[in-house]
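Notes to accompany the following structure.
All values below come from the heavy atoms of this structure, side chains included, with hydrogens, waters and symmetry mates left out.
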Amino acid sequence: MQSLRYVQCVRRLWSPAQVKNLHRSAYQLQQKQVMEDNPWALISEVGEQGYIEDVTDIMTQHFRIISHRDFLQNPPLHAPKIQAILVWNACPPTEPSLLTSLPALKVVANGGVGIDHLDVPYISSLGVKVTNTPGVVSDATADMAMGLLLASARKIVEGHQVSVDPKTTHIPQCLMGYEVTGSTLGIIGMGDIGHKIARRSKGFDMKILYHNRRKRSVEDEEAVGATYCESMDDLLRRSDFVMLAVNLTPETTGLISRRELSLMKPTATLVNVSRGLVVDQDALVEALQSGTIRAAALDVTHPEPLPRDHPLLRLPNVIITPHVGTNTYTTTRRMVQTMVDNALAAVNGQSIPNEVKPK
């Protein structure tokens, strides 16, 4: 009764605006308390080298985040609080020195499918879960793969350069490209991304070959009109475009080297949206310089970025983009949301949607 009389008194003495401000202040105080109760997560940073500002709300809704740089200012103060590491573009680096300094750590949540930068068996041996974000990145990566293929085949970058060059007085008719419609695409790695690339390629009436560790179901093949090649060599010989969409593993490191490139058509193009280390870059440079293959379109290299004097950067028959296959606002937000969902499940001892277990 006393509190009710107080509220009634306040309502009589205060204006509606003052009452509204009182409610807002109470809500903000409540939200602050909720945020203070949230578990702590270590991230790389927010900004050019880390997360875009547009996704921080997803993380801060459920975690109190601290950047790696701020963490290193006083590790003994922060280390006992950290229950999750949200890894973005392989940062923060999950080195043993960091992992063993975090006694409350429960999960390393990776943004993206590839986990080649994580020592999953070691992390798991510490009792820490590892997660990734499969499926979320597939559409954006498949879009990028087709964009690279089309840009290389139709000389879109060269055409742009001619069009904007202040010295251009006429459009050269020798800027000829290669037909995509009706050509043969060989996809190496027919997981979710590879299958979505095949779906897009079907729209261009491409003949689709694929090589994979396991043959896809008849239904999956018929959905995109794909034909399985048990031999990767056979795929390389027959394809006008060779698309790499594999995970980086010890088996796929250096998968495409001199021998494999020599099997490709001299008019063929290599497109890589997997990882740079899947391709022997020295062998690729030789193949492009000698005319062993026509061109390459790469969203990934090793390292990233390449040294500024690397020969790949000077070749006219190469397109390179800076590993931006997943870089759309929609996909980035979905990736971060999936990371947070995985991390929250691990922190709360619940079933983890996308746990990666050691093999």
Side-chain angles (χ1 to χ4, degrees), residues 48-49 89-90 114 116-117 141 144-165 167-168 172 174-178 180 183 185-189 197 232-233 235-237 239-327:
E48 185 176 345
Q49 301 299 319
N89 292 333
D116 47 277
H117 54 288
T141 305
M144 188 69 185
M146 291 305 297
L148 285 168
L149 187 155
L150 290 165
S152 179
R154 298 306 305 272
K155 297 186 180 293
I156 291 173
V157 175
E158 296 94 319
H160 169 77
Q161 291 169 341
V162 168
S163 298
V164 301
D165 189 336
K167 297 177 183 178
T168 295
C174 62
L175 196 65
M176 303 295 288
Y178 287 78
V180 173
S183 63
L185 171 65
I187 302 173
I188 300 176
I197 292 170
M232 189 175 76
D233 289 0
L235 178 146
L236 293 170
R237 292 188 182 99
S239 300
D240 298 304
F241 299 90
V242 174
M243 180 76 68
L244 303 177
V246 297
N247 291 325
L248 181 62
T249 66
E251 292 73 31
T252 61
T253 299
L255 182 69
I256 303 298
S257 191
R258 285 176 179 83
R259 191 189 76 83
E260 290 73 28
L261 291 164
S262 70
L263 297 176
M264 293 172 62
K265 297 179 181 180
T267 54
T269 298
L270 180 71
V271 184
N272 189 7
V273 292
S274 56
R275 285 290 189 271
L277 284 171
V278 171
V279 177
D280 179 336
Q281 288 181 165
D282 292 337
L284 179 60
V285 169
E286 292 175 14
L288 291 165
Q289 289 175 332
S290 65
T292 300
I293 65 172
R294 183 186 71 82
L298 315 170
D299 187 43
V300 288
T301 60
H302 182 76
E304 293 172 349
L306 288 171
R308 295 299 86 186
D309 60 349
H310 196 283
L312 273 177
L313 302 180
R314 300 193 296 272
L315 294 176
N317 51 347
V318 178
I319 294 175
I320 302 177
T321 50
H323 204 157
V324 291
T326 62
N327 284 29

### Query
Is V279 close to L277 at the side-chain level, that is, under 4.5 Å between some pair of heavy atoms?
no
### Minimal non-hydrogen separation, P266 against G291, with atom names
CB-O, 3.8 Å
### Query
Roughly how far, to the nearest 0.5 Å, is the CD atom of Q161 from the OG1 atom of T168?
10.0 Å
### Results of side chain to side chain donor-acceptor pair (under 3.5 Å) for T252 - residues two or more places apart only
T249
### Query
For the atom pair CZ (F241) and CG (L270), what is the distance rounded to the nearest 0.5 Å?
11.5 Å
### Query
Any donor-acceptor pair under 3.5 Å linking the side chain of S239 with the backbone of L185?
no
### Message
Working to the nearest 0.5 angstrom, can you tell me the gap between M144 CE and I197 CD1?
### Response
11.5 Å
### Task
Give, for atom CG of N272 and atom NE2 of H302, the distance between the pair rounded to the nearest 0.5 Å.
13.0 Å
### Task
List in chain and number order the residues that pass salt bridge (charged side-chain N to carboxylate O under 4.0 Å, His left out) with E304, two or more places apart in sequence or in another chain; answer none if no residue qualifies.
none
### Task
State, without any angle test, whether R294 and T267 hold a side-chain donor-acceptor pair at a distance under 3.5 Å.
no
### Message
For K265, give me all partners under side chain to side chain donor-acceptor pair (under 3.5 Å), at least two apart in sequence or on another chain.
### Response
D240
#### Entry: Main-chain N/O of G325 paired with D299 side-chain donor or acceptor, under 3.5 Å
yes
### Message
Is there a side-chain contact between D282 and R258 in this structure, where contact means two heavy atoms from C-beta onward sitting under 4.5 Å apart?
### Response
yes
## Note on the structure
So CE of M243 and CD1 of I187: to nearest 0.5 Å the spacing works out to 6.5 Å
### Query
Should E286 and Q281 count as side-chain neighbours, where that means a heavy-atom distance under 4.5 Å?
no
### Message
Once side chain to side chain donor-acceptor pair (under 3.5 Å) is applied, do any residues pair with R259, and if so which ones, sequence neighbours excluded?
### Response
D233
### Message
Give me each pair satisfying salt bridge (Lys or Arg N to Asp or Glu O under 4.0 Å) with a member in residues 306-323, each pair once, sequence neighbours excluded.
### Response
none
### Message
Using every non-hydrogen atom in the two residues, find where A153 and V180 come nearest and quote the distance to one decimal.
### Response
CB-CG2, 3.6 Å
### Query
Are any non-hydrogen side-chain atoms of T321 and L298 less than 4.5 angstrom apart?
no
### Summary
dist L149:CG -> S183:OG (nearest 0.5 Å) comes out at 7.0 Å
### Query
Among all residues two or more places apart in sequence or in another chain, which pass the side-chain contact (heavy atoms from CB on, under 4.5 Å) test with L255?
I188, M232, V278
### Message
Within the 4.5 Å heavy-atom criterion, are V273 and L244 side-chain neighbours or not?
### Response
no
### Beyond-backbone contact of I256 with L284, side-chain heavy atoms, under 4.5 angstrom
no
### Message
As a quick check of understanding, evaluate side-chain contact (heavy atoms from CB on, under 4.5 Å) for L248 and V246, giving each step before the final call.
### Response
CA-CA 6 Å; L248 181 62; V246 297; over 6 Å; no
### Query
Given side chains that start at C-beta, do those of H310 and V285 come closer than 4.5 Å, heavy atoms only?
yes
### Query
Just wondering, do L261 and I293 contact through their side chains at under 4.5 Å, heavy atoms?
yes
### Query
Which atoms form the tightest heavy-atom contact between S152 and A297, and what is the distance?
CB-CB, 4.1 Å
